[in-house]
Amino acid sequence: MRQPPAPRPSAGATSGRPRQHNLFEAAAAYVAACAENDFERSAEASRWVSPEALSFGVNELACRAVIALARERDESPQTVARTLLGLPPA
């Protein structure tokens with residue numbers, strides 16, 4: 001009878017180092033924590049990648065969110081962005 005394969009070790013388990021996070025994981029965790037006013041989680045996520053990488057990830061997340069909301073609302077991305085920031089229409 002054939003035995004099931006052994007479970008694979010998680011990333012970092014074989015080297016003794018903590019798991020590496022990519023910039024999109026860091027951005028998602030950081031933004032979600034900020035939205036929930038969770039300073040500890042946002043500070044932790046900000047340490048996962050360089051400040052430049054986090055900035056890029058947060059920017060990418062913002063762009064994707066505005067595009068998704070614009071499609072959902074049938075509005076332009078500019079209108080959605082200004083509305084989210086509480087700005088008057090352009």
Side-chain angles (χ1 to χ4, degrees):
M1 190 173 221
R2 196 169 167 214
Q3 292 185 350
R8 294 176 57 180
S10 62
T14 57
S15 64
R17 289 178 282 160
R19 184 174 91 74
Q20 294 286 324
H21 298 277
N22 72 40
L23 67 102
F24 296 115
E25 288 178 313
Y30 178 82
V31 170
C34 288
E36 296 170 350
N37 293 319
D38 188 335
F39 178 75
E40 288 182 27
R41 279 192 320 147
S42 66
E44 177 186 347
S46 72
R47 291 188 294 268
W48 293 351
V49 295
S50 72
E52 295 82 10
L54 183 61
S55 178
F56 176 82
V58 168
N59 183 65
E60 185 66 22
L61 178 58
C63 289
R64 291 180 187 196
V66 167
I67 290 168
L69 282 172
R71 288 179 181 158
E72 184 179 292
R73 296 177 180 183
D74 197 26
E75 296 177 341
S76 73
Q78 181 180 11
T79 299
V80 170
R82 292 184 67 83
T83 300
L84 289 172
L85 292 172
L87 299 172

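Only a predicted model underlies this, so the values are computations on that prediction, with no experimental measurement involved. Note: hydrogens, waters and symmetry copies are ignored here, and every other heavy atom, side chains too, is used.
- Across every non-hydrogen atom of Ala29 and Ala45, the tightest pair is CB-CB, 3.8 Å.
- Residues that satisfy the side-chain contact (heavy atoms from CB on, under 4.5 Å) test with Ala53, not counting sequence neighbours, are Leu23, Val49, Ser50.
- Sorted by first and then second residue, the pairs that involve residues 54-68 and meet salt bridge (Lys or Arg N to Asp or Glu O under 4.0 Å), not counting sequence neighbours, are Glu60-Arg64.
- Residue pairs satisfying the salt bridge (Lys or Arg N to Asp or Glu O under 4.0 Å) criterion with at least one member in residues 79-90, sequence neighbours excluded, are absent.
- Not counting sequence neighbours, the partners of Glu25 by the side-chain hydrogen bond (donor to acceptor under 3.5 Å, both in side chains) test are Arg19.
- Here Leu85 is tied into one hydrophobic group with Leu87, each link being a pair of ILVMFWY side chains closer than 4.5 Å.
- Legend: residues meeting side-chain hydrogen bond (donor to acceptor under 3.5 Å, both in side chains) with Asp38, ordered by chain and number and at least two apart, are Arg41.
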Donor-acceptor contacts, no H, no angles, side chain residues 70-81, under 3.5 Å, sequence neighbours left out:
from: Ser76; atom 1: OG; to: Thr79; atom 2: N; distance (Å): 3.0
from: Ser76; atom 1: OG; to: Thr79; atom 2: OG1; distance (Å): 2.9

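- Screening residues 70-90 for ring-ring contact (aromatic ring centres under 6.0 Å, His included) gives no qualifying pairs among residues at least two apart or on separate chains.
- To the nearest 0.5 Å, atoms CG (Leu69) and OG1 (Thr83) are separated by 10.0 Å.
- The side-chain contact (heavy atoms from CB on, under 4.5 Å) check on Val31 picks up Val58, Leu61, with sequence neighbours excluded.
- Glu44 pairs by the salt bridge (Lys or Arg N to Asp or Glu O under 4.0 Å) definition with nothing, not counting sequence neighbours.
- Without hydrogens or angle criteria, Ser46 side chain to Ala43 main chain gives a donor-acceptor distance under 3.5 Å.
- Take Cys34 and apply the side-chain contact (heavy atoms from CB on, under 4.5 Å) test, not counting sequence neighbours, and it matches Tyr30, Ser42.
- Among pairs with a residue in residues 45-69, those fulfilling ring-ring contact (aromatic ring centres under 6.0 Å, His included) read His21-Trp48, at least two apart in sequence or across chains.
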